[in-house]
Every structure is written in structure tokens, then in C-alpha cells.
Amino acid sequence: MATHPVRLPDDLFGLSHLVIPGGESTAISKLMYSSGLVEAIKDAIRDGLAVFGTCAGMIILASEILGGRDDQVRLGAIDITVARNAFGRQVNSFETQLSIKGLDDVAMQAAFIRAPVVTRVGGDVDVMASVDYDFGNGTVSVPVVCRNEKVLVTSFHPEVTNDSRLHRLFLNDF
Amino acid sequence: MFKMTQDSIERTSQELVTATSRVKRGLAEMLRGGVIMDVVNADQAKIAEDAGAVAVMALERVPADIRRDGGVARMSDPVLIEEIQNSVSIPVMAKARIGHFVEAQILESMAVDYIDESEVLTPADEAHHIDKWAFRVPFVCGATNLGEALRRISEGAALIRSKGEAGTGNVVEAVRHLRAILGDIRKIGQADSAELYAWAKELRAPYELVAEIANRGELPVPLFCAGGLATPADAGLVMQLGAQAVFVGSGIFKSSDPAKRARAIVEATTHYKDPAILAKVSRNLGPAMVGIEMDSVDLHMAERGW
């Protein structure tokens, strides 16, 4: 599998799969607008490009963003609502073990770093993993891996561990 | 064809663990390719976020003003840090003096996202850096060479930056420090197993970290650049040399048009290998900060720390 970084619209040429990784969604938004990537990625998704978004990538792909900036990119490629940084500041960043539907039985180590919280999931979205989390009003189940036909999103960072099972699933099943 | 499945998700019992090395270093990983900007108040923080900064660094005075005014430079007033935290949604870092673990405790209690144990402030301890493993908040520390970087990592730093010479607008020291760190990493990559012990002795660093570098070919934590960056070309230079992100201090808010220069440095850091884009964003930025030639620098901040 050949890979290359995407910084400009021309870099999308010939791609079957795109990863929008972690980072700051506000900063990524500025650079996506100034480079012309917003429209280019929207067009490519319409033409069948599969996209995997982690953390900031999840926010950018979502249909609704809470706690975002008015000028940030919202591609609306998966019907979920996400609240930015809603697990709290860095002192609240955490790791946990996840069982993920569609993978084998071995739990995945998952790092959540100033992560977004999925607060609503649309009818055509499959929740593949959740965490039980107490925001102060008792424990609730928060979706952390979601997919539709062409879009996979995680609120954690598979890119900071050596476990590539979700990347394999993305390549084989999307 | 993708089909919705309705079977319930089976779970193991979930234990949530905070403040691990992975989440501490992980936040730094997420800032790679970005620009972290020094700010002294909420207005500057908003300008930084608007320009596309990936984080802001709260401090009492920018380094150029510390040089000009002298006196003891300390942690910011907590009110200013809180105002900055409330005004932006990106991570907020703040500086503590070298060895001043109580300033660090205060910053941790305020839930800043990263603490910079910084030579830009006046050191509080002439022999000891902060024991950074004792904190839940991750630390960034400056280094002028690989030995210093490894000593800071052994004390718990989750991110290393070059020191450069802050507040001078002169990138030469940052280049020296980056080349020193990256050059020695390349040499260690060629060393045999016996030579690694000699490297550990020469660098005054733990053997285990030297062996890890030989194995990985890079530091176990990200390496960013700081100290004296003033132009988009400076950002391109240090990124091409191997920095993974840049800190810009006085270079933005001591220039004639901070918002425009901040945007240009963000673009330059992303497109650092593309001279055509660097040329485009470098146009009409107005005067950069004046800058100081190293021979006329009286206060060498980079010599603080050990």
C-alpha cells in the first residue's frame, strides 16, 4: 500500500482512501480553506473516496459540531454530533481498553487526548465501540468508534499505538 | 456492501487511566506540523487562534521585553492564564521557572495543557530541574544539545524544544541546537553496542535512553524548535532541518502586523518544503522584529539549565 501526505488538492489525485488524523481541528480548518482542500475533499467524497477521521478528523467529518468555531470546516460526511474537547483538558486525557465490533476479540489500547464526545448518532451510523464515562451525572455510554458505508471515525488516536487493526479494516472494508 | 448490524457490543471492564507517558507525549504528537505562539493576554491568544496556531504559550512578558526591561521573569498572573484559557479552544501552555516546582503545581491546579520549564524565565534553582514525573500535566523543556535533551527526558519531559536564543529574532542559535541534537542522533545510529556506553558517558545521559535512540533513530518524544524565529523562511528552515513543529515568541507580536505574520508562519510551517508557497506567504508582511546580532547579546538565556 503506497501512502503520501495530502497538503494540496493535487495530492488527492489517484487516492482511494484518505486519513484525516489528530491535531487541532481549528488549525486544520484554516489550512484546508487556504489550500482549497475543503471543496476538493467534498468532491472526492462525493465521488466515492473512503475517509478515516481520528479525533480532529472525526470533528471535521461530522455533520454537527458543538463548541467549535463558526469558521471551522464541517464536511458532514457522517451523521453524528460531536462536542469538541468535551472529555476535558489535557489532565483528563486517558487510555483505556476497547472491544471493537468487527475486529477480533483482542481488546485495543486506545489513547483519548483532549478528545471529542459523540453526543448524537444518526440512523445510518453504526456504533462499533463505546466507553462508559462519568461526566459528573452518573455513568453514560459514549460512542467512540462509528462508521457508515464510506466513513470511519474514532474519538481516540490509533496513530499513537502500534495496533493497525482499524487501519486494516479501513483498507479492506471501505 | 456495508450493512448495519444490531448485535450488542461486548465489552471488557473498562478502566480509564490518566497521565500516562502515551497521553502526555501524545498531545505533543498532535501538535506536529503546527505553530505554538507566545501570548501575554487573551487578545493576543485570539489573534493566534484566528491565525491557525495549534496552541498558545502564556507568559508574563515576551522574551524581547524581558531582555529590554530586565528584572526577574516569573510565571504569569493566574488571572491572565485563566482569561487566555477562556478565550480560546486550542491547548494553553504556560511557563514555569527552571526548578520552580511550586509554580508548576499552581499551573497544574489550573489545568493548563502543558508546562514549559523555561530558561526564558529567571531560574529558581541552580542545580535541580523539576521532577516532572511527579506531575499529571506534561512538560516541555528546552535543550541545546542531545545530552541536555536526554537529561530532561529522564526527568519526565514529554516534549523537547531547542532553546535557541529567545527574544533576539535571530535564528542562528536554534539552528545550532537543532543540528547538535539531530547530528548526534545520526551518529548514535551508526555506533556499535560498546560505543553506546561511551556515548552515555559523554552525553551525561542514561544508557537506556541512548540505546533507545540507537534503536529508533529519533528521540523517544517529539522535537520542536524554539528561540529566535521571526519569518516564514525561518520556520521553513528549521522544519527542513528536522524540527517537527515550531514555537514563535517575540517574532509575531513584536512585528508590525502580528495577525498577518502569524498566518504566514502557519502556512510556511505546513508547506515547509514548497519554496513557491514560502515566497507567496512571505510577501508584504511589513517589517519583522528588528533582531539582535549574537555578539551584542548580553543575556544568554540558553546557558540557563544544565
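Protein chains get the first letters and strands the later ones, always in sequence-line order, with residue 1 at the start of each.
- Heavy atoms of A/T26 lying under 4.5 Å from chain B belong exclusively to its side chain.
- Between the side chains of B/E15 and A/T96, no donor N or O sits under 3.5 Å from an acceptor N or O.
- With a threshold of 4.5 angstrom between heavy atoms, A/R7 approaches chain B through its backbone and through its side chain.
- For A/R89, the parts lying near chain B are the backbone and the side chain together; criterion is any non-hydrogen pair under 4.5 Å.
- In terms of heavy-atom pairs under 4.5 angstrom with chain B, the leader among A/T161, A/L31, A/V160 is A/L31.
- Of the listed residues (B/L27, B/D274, B/V137, B/V112), the greatest number of heavy-atom pairs within a distance under 4.5 Å of chain A belongs to B/L27.
- Taking 4.0 Å as the cut-off between side-chain N and carboxylate O, B/E49 and A/R69 count as a salt-bridged pair.
- Per-residue heavy-atom pair counts under 4.5 Å with chain A were compared for B/R22, B/R32, B/R25, B/Q85, and the maximum is reached by B/R22.
- Both the backbone and the side chain of B/D50 come within contact range of chain A, judged by heavy atoms closer than 4.5 Å.
- Here A/R114 is the residue among A/Q109, A/K30, A/R114 with the most heavy-atom pairs under 4.5 Å with chain B.
- Contacts with chain A were tallied for B/E267, B/M30, B/R263; B/M30 has the most, counting heavy-atom pairs under 4.5 Å.
- Interface summary for chain A: among B/E29, B/R136, B/H271, the most heavy-atom pairs under 4.5 angstrom belong to B/H271.
- Using a 4.5 Å cut-off between heavy atoms, A/D71 does not touch chain B at all.
- Both the backbone and the side chain of B/A111 come within contact range of chain A, judged by heavy atoms closer than 4.5 Å.
- Ion pair A/R147/A/D126 not flagged as a salt bridge, since none of the NZ, NE, NH1 or NH2 atoms sits closer than 4.0 Å to an Asp/Glu carboxylate oxygen.
- Only the side chain of A/L8 comes within less than 4.5 Å of a heavy atom in chain B; its backbone stays farther off.
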Please report the C-alpha distance between A/R84 and A/E24 in whole Å, then the side-chain angles of each, then the deciding distance to 0.1 Å, and finally whether the salt bridge (charged side-chain N to carboxylate O under 4.0 Å, His left out) criterion is met.
CA-CA 10 Å; A/R84 281 184 68 213; A/E24 281 305 314; 3.8 Å; yes

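- Scanning both residues, B/D38 and B/G249, for their nearest heavy atoms gives OD2-CA, 3.1 Å.
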side-chain hydrogen bond (donor to acceptor under 3.5 Å, both in side chains) assessment of A/D134 paired with A/T139
CA-CA 4 Å; A/D134 186 350; A/T139 302; 4.7 Å; no

Can you list the steps and then say if A/F156 with A/F87 is a ring-ring contact (aromatic ring centres under 6.0 Å, His included)?
CA-CA 11 Å; A/F156 61 93; A/F87 284 112; over 10 Å; no

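- Aromatic pair A/H17/A/F52: ring centres not closer than 6.0 Å.
- Between B/F139 and B/Y114, the ring center distance fails the sub-6.0 Å criterion.
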